Amino acid sequence: RPSDATCGVGNSNSNGKASLPIRREKDFVDTFFSNSRLHFIGSWKANIDGVMSAALALNKSPQPLPATECKVRQIIHVDIDCFFASVATIVNPTLEGKPVAVCHSDHSNGTAEISSANYEARKFGIKAGMFMSKAKELCPQLVRVPYYFEKYQEISRALYRILLRFSAQVQPISVDEAFVDVSGLGDSMAICQEVRACFAKETGITVSAGASHNMLLARIATKRAKPNGAFLVPSDAAEAFIGELPVG
DNA sequence: ATCCTCCCCTAC
DNA sequence: TAAGGTAGGGGAGGAT
Ligand SMILES: Nc1ccn([C@H]2C[C@H](O)[C@@H](COP(=O)(O)OP(=O)(O)OP(=O)(O)O)O2)c(=O)n1
Ligand SMILES: [Mg+2]
């Protein structure tokens, strides 16, 4: 906080240089937020509303059947595969097939957190939130890549533009994840595959999809579909599907 | 009974 | 060399 900055180290004497620590404090806060992946994700949620209303204003998105007018809804959930890590592979295709993790630091000690790990890296037990130092213990040949926040924004917009071509009822969950109500708009698995194909063609990145008759089942179906797949839970299979889910 | 605020937790 | 922010669900409990 600027009001605290004059209490900082090296500013104890009254030589008229009190403004310097205040300015450096402000720069610190700005760089912190501009490099924070969690700030990027969190503020995007509010940002999505603008993207949505702009696209919906074009009035080109088909309206699904209201829940009251169809016996069984058709809900789709989509989630980009290891989003940030996938973007790095688009930027540098030679990373294909190698274990990759997104992180500010590549050091073997310290507490820098991994934001996203690709599926090669996950075979070693590496996952989001893990310290890079721990990840390199598990996988010394792990390739560390930087953040590309501008590209995440661009690719996220592409996903939402595609989803809104199939239905006007899109609920954003995050930068890489959304629900879509496609009740009465066609075969839900066919729509899943169309969305996946469109997105892969436009961005070169894979997105997985789950489909079922409610949001919860669709979301869990996406976990089963990953990576680079689609999975349907039919109404009469829901009980068995839920019943066999492992703990953890 | 309802509404509100605070707090804890979780998913991104 | 590191950038642990943000929104929302839901329970506890006080005010109305
Ligand atoms: N603890 C976390 C979780 C997520 N993210 C960021 C990086 C992810 O790429 C993005 C999307 O989150 P997901 O939970 O969808 O994870 P991924 O897309 O990376 O992998 P998955 O294939 O499991 O969806 O959010 C992050 O920075 N820190
Ligand atoms: Mg994802």
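Since we're looking at a predicted model, the values are computed, not measured. Naming: A, B, ... by sequence-line order, numbering from 1 per chain.
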Rounded to whole angstrom units, what separation is found between the OH atom of A/Tyr152 and the P atom of C/dG5? 18 Å
Closest to the A/Lys45 side chain: C/dA7, C/dG4, C/dA3? C/dA7
Under 4.0 Å between any heavy atoms, over every strand shown, what does A/Ser174 touch: base, sugar-phosphate, or nothing? Just pick one. sugar-phosphate
Please say whether the positively charged group of A/Arg122, taken as NZ for Lys or CZ for Arg, lies over the ring of A/Tyr119, i.e. under 6.0 angstrom from the six-membered ring centre and within 45 degrees of the axis. yes
If you check every side-chain atom of A/Glu177, which of B/dC12, C/dG5, C/dA3 has the closest atom? B/dC12
What's A/Thr111 touching, base or sugar-phosphate or nothing? Going by heavy atoms closer than 4.0 Å. sugar-phosphate
Between C/dT6, C/dA3, C/dT1, which one does the side chain of A/Phe33 approach most closely? C/dT6
Could you check how far CZ of A/Phe84 sits from P of C/dA3, rounded to whole Å? 14 Å
The reported gap from NZ in A/Lys134 to CD1 in A/Ile114 (rounded to nearest 0.5 angstrom) is 11.5 Å
Select from A/Ala46 and A/Asn35 the residue whose nearest nucleotide in DNA chain C is closer to the 5' end of that strand. A/Asn35
In whole angstroms, how far is the P atom of B/dA11 from the CD1 atom of A/Ile173? 13 Å
Euclidean distance, atom CD1 of residue A/Ile48 to atom C1' of C/dA7 [Å, nearest integer]: 12 Å
If I take atom CD in residue A/Glu113 and atom P in nucleotide B/dC12, what distance separates them, rounded to the nearest angstrom? 16 Å
Quick one: does any side-chain atom of A/Thr203 pair with a main-chain N or O of A/Phe199 as donor and acceptor, under 3.5 Å? yes
Counting only side-chain N and O atoms of A/Thr31, is one of them less than 4.0 Å from OP1 or OP2 of C/dA3? no
Applying a 4.0 Å non-hydrogen cut-off, can you work out what A/His104 is touching in the nucleic acid: base, sugar-phosphate, or nothing? base
Angle class for the A/Phe40/A/Phe149 ring planes (parallel below 30°, perpendicular above 60°, tilted otherwise)? tilted
Given atom CG of A/Leu38 and atom C1' of B/dA11, what is their separation to the nearest angstrom? 11 Å
DNA chain C: A/Arg144 or A/Ser36, which has the more 5' nearest nucleotide? A/Arg144
Distance between the C1' atoms of B/dT10 and C/dA3, in whole angstroms? 22 Å
Tell me whether the OP1 or OP2 atom of C/dA3 has a side-chain N or O from A/His39 closer than 4.0 Å. no
Contact class for A/Asn109 (heavy atom, under 4.0 Å): base, sugar-phosphate, or nothing? sugar-phosphate
Nearest whole Å is fine: how far is C/dG4 C1' from A/Met130 CE? 16 Å
Atom CZ of A/Phe83 to atom P of B/dC12: distance rounded to whole Å? 15 Å
Quick check for you: among C/dA3, B/dA11, C/dG5, whose closest atom lies nearest to any side-chain atom of A/Arg219? B/dA11
Return the orientation label for the A/His104 and A/Tyr147 ring planes: parallel under 30°, perpendicular over 60°, tilted otherwise. tilted
Output the distance between atom CG (A/Asp181) and atom CD (A/Gln74), rounded to the nearest 0.5 Å. 9.0 Å
I want to check one thing: is the phosphate of C/dG4, taken as OP1 and OP2, less than 4.0 Å away from some side-chain N or O of A/Arg37? yes
